[in-house]
Protein chains: 2
Amino acid sequence: MLEYIILGFLMHKELTGYDLKQCMLNSTSNFFDASFGSIYPALKKMEDKGLVSSNEVVEGGKYKKRYAITRTGEADFWTWLEQEIDFSKTKPDHLIKVFFYGFLPKDKAVHNLHKFIERVEQVHNRLAEHEKQVKIHADTYQYSTLVFGMDYYTLIINWSKSLLQELEK
Amino acid sequence: MLEYIILGFLMHKELTGYDLKQCMLNSTSNFFDASFGSIYPALKKMEDKGLVSSNEVVEGGKYKKRYAITRTGEADFWTWLEQEIDFSKTKPDHLIKVFFYGFLPKDKAVHNLHKFIERVEQVHNRLAEHEKQVKIHADTYQYSTLVFGMDYYTLIINWSKSLLQELEK
DNA sequence: CGTTCCATGTAAGGCGTTACATGATTAC
DNA sequence: GTAATCATGTAACGCCTTACATGGAACG
């Protein structure tokens, strides 16, 4: 995941490891954040794989290693981006691809969002079926965690639909 | 985290590793699920630490290792449970303690929920302040991920408040 | 001249997963 | 008899974090 997020940011412009951390801090940190301890090794690994290239410079007396995305890296990023939107019950992983959806043709984005909604609706319905039994057998607290789950899935569905509406404008 | 969830389930009754997996599957799997590959080693580790004890039996021709929580384990569980409710921007960690809040005195539960709401409101407000700038500088998709964040925090706040109301009945 | 920010990196460890290995029982 | 379920466990690996180590620049 981290690798694709790095690639996504590098699609805009060349960045250092430090820059990448800043990018995340003021844009994706609500759903994704990485520490330096994972960013720097990731960049090194990605360079070995040929997804990025680096050039070392001294700017303002500071040693910097600025990374750029390669053709291979771009291809990798596109392939990843056009895949189905991820869905996780425990993390808002769906936001990650959508964050970079500006790089995807609108019709593809719309299509993927529709398929995503379908999937989340299925998960929601399965939980809703389970709900009656839990209401009887579980206590207030346990039941409330199930309700949170349903509310959360509903939120994802509504959010996706409102994004679709925004796109159809 | 896994260790406390195991302890939580063992507070009710003695269970095997397999049972624990089943417990999670039909109750916490929406926000927490562990594989056998983490459950069994966790149990072993917890036994070494004296949090649980095991007895091996053959039932219905099946070898079973049934675990029970020890006094030390219970003490550990209480201490954990009465701590502040966890808040994570990326995972619904707050559900974990609340799921076991039946073991906490109601006044303590109410108190912790109030403090939790305060904290989430702070996070929400900080994001709301950031919102205007993002609306201007980011694209539709990037802005939508921020909106999701705000909606998500609002969901947590409303859910907590409705749980509090339920408790005050 | 001390603190904060800029900047890169390593080492140790935590926490979890998937895949593998094994074997009995139950249901069709 | 074969598939699913019950039942326990290990090994390899992924992915991330915290803490550490280093050093220059900018601010007051």
Side-chain angles (χ1 to χ4, degrees), chain A residues 1-7 9-10 14-26 28-29 31-49 51-68 80 86 88-93 96, chain B residues 1-7 9-10 14-26 28-29 31-49 51-68 80 86 88-93 96:
Chain A
M1 205 90 296
L2 175 59
E3 293 200 1
Y4 294 110
I5 286 164
I6 290 175
L7 290 177
F9 282 119
L10 293 180
E14 301 186 7
L15 296 165
T16 67
Y18 193 88
D19 294 337
L20 282 163
K21 175 76 185 159
Q22 292 303 114
C23 283
M24 291 179 203
L25 203 64
N26 53 55
T28 65
S29 57
F31 53 94
F32 190 92
D33 207 5
S35 60
F36 288 120
S38 46
I39 292 171
Y40 287 117
L43 285 167
K44 186 168 256 180
K45 198 177 158 193
M46 289 163 78
E47 192 169 18
D48 291 343
K49 286 200 265 181
L51 302 174
V52 297
S53 64
S54 68
N55 76 315
E56 287 158 74
V57 287
V58 175
E59 255 177 50
K62 281 167 201 153
Y63 163 77
K64 292 184 187 189
K65 200 166 177 182
R66 186 163 282 121
Y67 288 89
W80 170 76
D86 305 282
S88 160
K89 288 192 276 184
T90 52
K91 284 168 290 161
D93 283 350
I96 298 173
Chain B
M1 205 91 296
L2 174 59
E3 293 201 1
Y4 294 110
I5 287 164
I6 290 175
L7 290 177
F9 282 118
L10 293 180
E14 301 186 6
L15 295 165
T16 67
Y18 193 86
D19 294 336
L20 282 162
K21 175 75 186 161
Q22 292 304 114
C23 283
M24 291 180 202
L25 202 65
N26 53 53
T28 65
S29 59
F31 53 92
F32 189 92
D33 207 5
S35 60
F36 287 119
S38 46
I39 292 171
Y40 287 116
L43 285 167
K44 185 168 256 179
K45 199 177 157 193
M46 288 163 78
E47 192 169 18
D48 291 344
K49 285 200 265 182
L51 303 174
V52 297
S53 64
S54 67
N55 76 315
E56 287 158 73
V57 286
V58 176
E59 254 176 49
K62 279 166 201 153
Y63 164 77
K64 293 184 186 189
K65 201 167 175 182
R66 186 163 283 121
Y67 287 89
W80 171 76
D86 305 282
S88 161
K89 287 192 275 184
T90 53
K91 284 168 291 160
D93 282 351
I96 298 173

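We name chains A, B, ... by the order of the sequence lines, and we start the count at 1 in each one. Note that the structure is a prediction, hence the values are computed from the model and not measured.
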* To do: Between D:dA7, C:dG16, D:dC16, spot the one nearest the side chain of A:Leu2, thanks.
  => D:dC16

* So, is B:Tyr63 near the phosphate of D:dA7, with a side-chain N or O under 4.0 Å from OP1 or OP2? -> no

* To do: Just call it for A:Ala34: base, sugar-phosphate, or nothing, with non-hydrogen atoms closer than 4.0 Å on any strand.
  => sugar-phosphate

* Would you please say whether a donor-acceptor pair under 3.5 Å links the side chains of B:Tyr63 and B:Glu56? => yes

* Asked: Considering only C:dT8, D:dG9, C:dG16, which nucleotide approaches the side chain of A:Phe36 most closely?
  -> C:dT8

* Structure fact -> Whole-Å distance, B:Leu15 CG to D:dT8 P, equals 11 Å

* To do: Give the nucleotide from the list C:dG9, C:dG16, D:dT8 with an atom nearest to the side chain of B:Tyr40.
  => D:dT8

* To do: Find the distance A:Ile5:CD1 to D:dC16:P and express it as a whole number of Å.
  => 8 Å

Mind listing the N/O atom pairs, protein and nucleotides 24-28 of chain D, below 3.5 Å?
none

* Using atom types as modelled and distance alone, determine if a side-chain donor or acceptor of B:Lys21 lies under 3.5 Å from a backbone N or O of B:Ile39. => no

* Asked: Distance check: side-chain N/O of B:Lys21 vs OP1/OP2 of D:dT8, anything under 4.0 Å?
  -> no

* **Donor-acceptor pair, side chain of A:Glu3 and main chain of A:Met46, under 3.5 angstrom** => no

* Asked: Rounded to the nearest Å, what distance is computed from the NZ atom of residue A:Lys91 to the C1' atom of nucleotide C:dC15?
  -> 12 Å

* **A:Ser38 side-chain N/O to A:Ser35 backbone N/O, donor-acceptor pair under 3.5 Å** => yes

* Determine whether more than 12 heavy atoms belonging to other residues, nucleotides or ligands lie under 6.0 Å from atom NZ of B:Lys65. => yes

* Does the distance from a Lys or Arg side-chain N to an Asp or Glu carboxylate O, for A:Lys64 and A:Asp19, drop under 4.0 Å? -> no

* Whole-Å distance between D:dC15 P and A:Ile39 CD1? -> 15 Å

* Structure fact -> note: B:Arg66, atom CZ; D:dC6, atom P; distance rounded to Å ~ 14 Å

* Asked: Closer than 4.0 Å, any side-chain N/O of B:Ser38 to the OP1 or OP2 of C:dT17?
  -> yes

* Want to settle it: does B:Gln22 or B:Gly37 sit nearer the 5' end of DNA chain D, counting the closest nucleotide to each? -> B:Gln22

* Could you give the CG-to-C1' distance, from B:Asp33 to C:dC15, as a whole number of Å? -> 15 Å

* Asked: Is a donor on one side and an acceptor on the other found under 3.5 Å between the side chain of A:Thr28 and the backbone of A:Phe32?
  -> yes

* **Nearest-nucleotide pick for A:Lys65, side chain only, options being C:dG9, D:dA7, D:dT17** => C:dG9

* So does A:Arg66 pair up with A:Glu59, basic N to acidic O under 4.0 Å? -> yes

* In whole angstrom, what separates A:Lys64's NZ from D:dG23's C1'? -> 15 Å

* Would you say C:dT18 has OP1 or OP2 under 4.0 Å from some side-chain N or O of B:Ser35? -> no

* To do: To the nearest Å, give me how far apart NZ (B:Lys45) and C1' (D:dG9) are.
  => 17 Å

